[in-house]
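Have a look at the structure below before the remarks.
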Amino acid sequence: MNNKYLYIETFGCQMNVHDSEQMAVLLADIGYRLTDDPAKAELILINTCSIREKAEQKAFSELGRLMKLKEGNPDLIIGFAGCLAQHWGAKVYKRVKNVDLVFGTHNIHRLPEMVAAVQEERKKITQIDFYSEIHSLNIFAPPPKGSLSSFVSIMQGCDNYCAYCVVPYLRGREMSREPENIIDEIRKLTQCGVKEVTLLGQNVNSYGKNLEHGCDFVSLITKVNNVEGIERIRFTTSHPKDLSDGLINAFAELPKLCEHIHLPVQSGSNRILKRMNRGYTAEEYVEKVERLRAVCPGISITSDIIVGFPGETSKDYQETIDMMEKIRFDSLFSFKYSERKGTAAQALQGKVPEAEKRQRLKDLQVLQDRHTQEKNTALEGCVQEVLVEGPSRNSAQDVTGRTRSWKIVNFKGSPALIGKKVLVKISRGYLHSLRGEME
Ligand code: SF4
């Protein structure tokens, strides 16, 4: 068996991080050990993201940089994986000649055989087929030692075709994992010390649609809630159109389900939401947020917003600002619209000038900072349950952890608290964290 080094560089979302972990598990079976040093590696994989143009540029520039290592090591195998590999296929070789392996998001399970073929035959391999089942989803990747939290992939792909998004083309149609496999993975994670899981999927609210025996997302979370050793449950990402009453009520009914939801709204303008093909109106979104707050007071609501989508006028933009004022998100990921090839939005008229997009984003972020600061200040004097994750980066006397509502809290405490849930009285709310004292 080989005893060689593997270096993986991962771009993009948590889904990609998860895929990279599974690649490492598969390659360990044929003798590859992970290294942090690409210069030591016999196999380098770049796991790419194509969501934004910037991520694409970064991945190709990193590929170019790592290719230079081939000059001193001609046997080095370099593979290009993930969404960009899916999108570019064999055209990657035109852009970067000496890449050995290009494989897409449904082909991870074939990695050992692909690497062996490159090694033995020194020929280029390209695998970008889609399958009706994603074989790699059930590979168990043990969490890094000492992990308290772990992501658990419950589904792959997406059927929504939002006008700006490449995911359905690059990750394929929506497919859910069998609940038994998910629960089995979560039990194994608890045996490794994990106490908090985040159920992961492009649209977790539609989990189970393709499963024959019918287990929807609420039934799945209820099963996870019953797993001994799991203390906190989170999930991401939720599509507002599929947020059911059952899921809203679960926040009141399931004790381990944490009081936080990431619910991407993308725009506050109905005209733009329609052009984005999001499937809900601004009013419907606000109404769902109100229901969430009614059943679960104190729930933290975070969101995504895209500014400068084609056709977005200053009136549309103002409607987004008005919605932010009305809802007051706890925090927000905000982006300038970035055109992706092959999406429906590419053909839309009314491109917003770059300078205008930049200004809108800047103003929106100033507003969000104000709201985040207000939300965090409002917690001063409250007692919060904190799962202590580790030493604080800022002071050796402090430890750090998260509230159930996903806020970072730093407070004086010994490392013996790591892994425990403690009650902390918040003394100060900052923009990016809270300060407190243990009760
Ligand atoms: S829901 Fe829309 S934005 Fe999210 S992955 Fe699917 S197509 Fe993309």
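Counting starts at 1 for both ligands and their atoms, following the listed order.
In terms of protein heavy-atom proximity, atom 6 (Fe) of ligand 1 is nearest to C158 SG, 2.2 Å. For atom 5 (S) of ligand 1, the nearest non-hydrogen atom of the protein is Q202 CG, 3.4 Å. Regarding atom 8 (Fe) of ligand 1, its nearest protein heavy-atom neighbour is C165 SG, 2.3 Å.
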Exercise for the section: Test H18 against F151 for ring pair (Phe, Tyr, Trp, His ring centres under 6.0 Å), laying out the working first. Expected result: CA-CA 8 Å; H18 202 259; F151 286 88; 8.1 Å; no

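Judged by the shortest distance from any of its heavy atoms, R278 lies inside the 4.0 Å radius around the atoms of ligand 1.
Remark: aromatic rings of F60 and F80 are close, center separation under 6.0 Å. Between Y280 and H239, the distance separating the two ring centers is shorter than 6.0 angstrom.
Within the 4.0 Å heavy-atom criterion, both parts of C162, backbone and side chain, lie near ligand 1. At a heavy-atom distance under 4.0 Å, no atom of N203 approaches ligand 1.
Ring orientation note: the planes of Y169 and Y161 are nearly perpendicular, at an angle over 60° on the 30°/60° scale.
Using a 4.0 Å cut-off between charged nitrogen and carboxylate oxygen, D129 and R110 do not count as a salt-bridge pair. Between K124 and D100, none of the side-chain N atoms (NZ, or NE/NH1/NH2) sits under 4.0 Å from a carboxylate O, so this pair counts as no salt bridge.
For ligand 1, the atoms sitting less than 4.0 Å from at least one non-hydrogen atom of H239 are 1 (S), numbered in the order shown with element in parentheses. Contact atoms of ligand 1 toward P168: 7 (S) (distance under 4.0 Å to a heavy atom of the residue). Listed by number with element, the atoms of ligand 1 under 4.0 angstrom from any heavy atom of Y161 are 7 (S). Atoms of ligand 1 lying under 4.0 Å from at least one heavy atom of Y164, given by number and element, are 3 (S).
Under the 4.5 Å side-chain criterion, counting only non-hydrogen atoms from C-beta, T372 is not in contact with D330.
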